[in-house]
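The next block holds one structure in the form of structure tokens; read it before the comments.
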Amino acid sequence: MEIIIHPNAEDAAEMAERIITNLIVTNPQAVLGLATGSTPLRLYQRLAAKGLDWSGITSFNLDEYLGIGAQHPQSYSAFMQENLFRHVNIGVKNIHLPDGMAVDPETHCQAYEEKIHAAGGIDLQLLGIGTDGHIGFNEPSSSLSSRTRIKTLTARTRRDNARFFGSEREVPYHVITMGIGTILESRTVLLLATGENKAEAVAGAVEGALTSMNPASALQLHRKAILCLDEAAASKLQRRDYYHWVFDNKPAWQRISPN
Ligand code: PGA
């Protein structure tokens, strides 16, 4: 795991933007795994302002609420349109999200996996982290080898996400999410976490035991997991000084150059 700690959320977003920009520039046909939520908003604003060529990029989003359609303002499809896709020249046919209104969700989940495979796999998967350690919507106790499937949200996640809906009552109970096994197969994982409320989940994921009780701890198994944190999200890490030291002493060839 590469732990990069930034003074604030803006700097963390800037680093994530540099990593993604670098991928798009060096591989204009890249397959990106994308995430929703409050955390990636700064990153998406930065990417949108960058004027990159997205025409060859393919995207797969992590998850979608079950039972709400793409036109619903709180669907992740609508979120992505509003916050990223309408600002860049990505081809409509290259955009993939699970369909929350799929008639046969199980077959749909299987087909989603097959589409990722047919696209050559995900080059870089962007992740947020839930206050309970979830990645995608893989809630605690999710199988570490799970694939895209239907999950039931915890009461805590429904409460956390109520801010996007009129009230907690309106938050769906079920979702379709890529599995932890799906996420682990992406070639690079970039987890962005900001704010004090993520500190405990981040500490468990990085320095705790590998356990399905903190699904993000599965990233300890990933060959190339980069965690971009702000100081608040990093505040419960015991070895914070070491992560700073490692970053400050990187050889020049390993540094991500500004674009
Ligand atoms: P947030 O959600 O960015 O809105 O905090 C993160 C997540 O649940 O993965």
Side-chain angles (χ1 to χ4, degrees), residues 6 8-10 12-13 15-17 20 32-47 60-66 68 73-80 82-84 97-98 100 122 124-142 146 148 151-165 168 170-180 182-184 186 189-206 212-219 222 225-236:
H6 302 271
N8 54 55
E10 197 57 54
M15 172 62 79
E17 178 229 302
I20 293 177
L32 283 181
L34 297 174
T36 51
S38 305
T39 313
L41 284 174
R42 282 191 179 84
L43 164 64
Y44 290 159
Q45 273 163 17
R46 287 178 157 274
L47 284 171
F60 286 91
N61 262 77
L62 282 166
D63 43 23
E64 180 60 280
Y65 291 111
L66 195 63
I68 67 177
Q74 263 65 53
S75 72
Y76 283 164
S77 183
F79 175 99
M80 291 306 301
E82 176 63 25
N83 294 296
L84 181 66
L97 284 101
I122 293 172
L124 182 144
Q125 177 64 58
L126 177 67
L127 297 174
I129 185 170
T131 55
D132 60 4
H134 71 221
I135 47 176
F137 270 135
N138 295 284
E139 297 283 33
S141 84
S142 288
S146 50
T148 302
K151 286 291 290 178
T152 304
L153 296 180
T154 60
R156 181 173 180 178
T157 299
R158 289 189 67 254
R159 262 197 315 277
D160 284 348
N161 288 7
R163 68 188 191 280
F164 297 113
F165 291 79
E168 195 178 320
E170 291 170 55
V171 183
Y173 284 81
H174 299 107
V175 293
I176 294 175
T177 181
M178 278 186 204
I180 296 174
T182 321
I183 292 168
L184 290 179
S186 53
V189 164
L190 173 59
L191 185 144
L192 190 56
T194 55
E196 173 75 41
N197 62 332
K198 302 295 173 68
E200 199 173 322
V202 166
V206 176
S212 65
M213 289 301 133
N214 181 330
S217 70
L219 300 181
H222 197 281
I226 306 168
L227 276 67
C228 269
L229 313 173
D230 68 355
E231 285 285 359
S235 59
K236 294 201 169 146

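Whatever order the structure lists them in is the order used to number ligands and atoms, beginning at 1. Keep in mind that what you see is a predicted model, and the values were worked out from it rather than measured.
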Next item on the list: Considering heavy atoms of the protein only, find what lies nearest to atom 8 (O) of ligand 1 and give residue, atom and distance to 0.1 Å.
Entry: His134 NE2, 2.6 Å
Notebook entry, point to check: What distance separates Asn61 CG from Leu126 CG, expressed to the nearest 0.5 Å?
Noted result: 9.0 Å
Margin query: Quick check for you: to the nearest 0.5 Å, what is the distance between Leu41 atom CG and Leu192 atom CG?
Written below: 10.5 Å
Note to self: At under 4.0 Å between heavy atoms, is it the side chain or the backbone of Ile129 that contacts ligand 1, or both, or neither?
What the structure shows: backbone
Checklist line | SB check Arg42 Glu10 (cutoff 4.0 Å) | finding: yes
Item checked: Numbered atoms of ligand 1 (with element) below 4.0 Å of Thr39, judged on heavy atoms -> 1 (P), 3 (O), 5 (O)
Check: Can you tell me how far the CD atom of Glu196 sits from the OG1 atom of Thr131, to the nearest 0.5 Å?
Finding: 12.5 Å
Check: Which atoms of ligand 1 are found less than 4.0 Å from any heavy atom of Gly37?
Finding: 3 (O), 4 (O)
Check: Where is the nearest protein heavy atom to atom 5 (O) of ligand 1: which residue, which atom, and how far?
Finding: Lys198 NZ, 2.6 Å
Margin query: With heavy-atom distances below 4.5 Å as the criterion, would you say the side chains of Leu62 and Gln125 are in contact?
Written below: yes
Notebook entry, point to check: Any nitrogen or oxygen of Thr36, main chain or side chain, under 3.5 Å from a nitrogen or oxygen of ligand 1?
Noted result: no
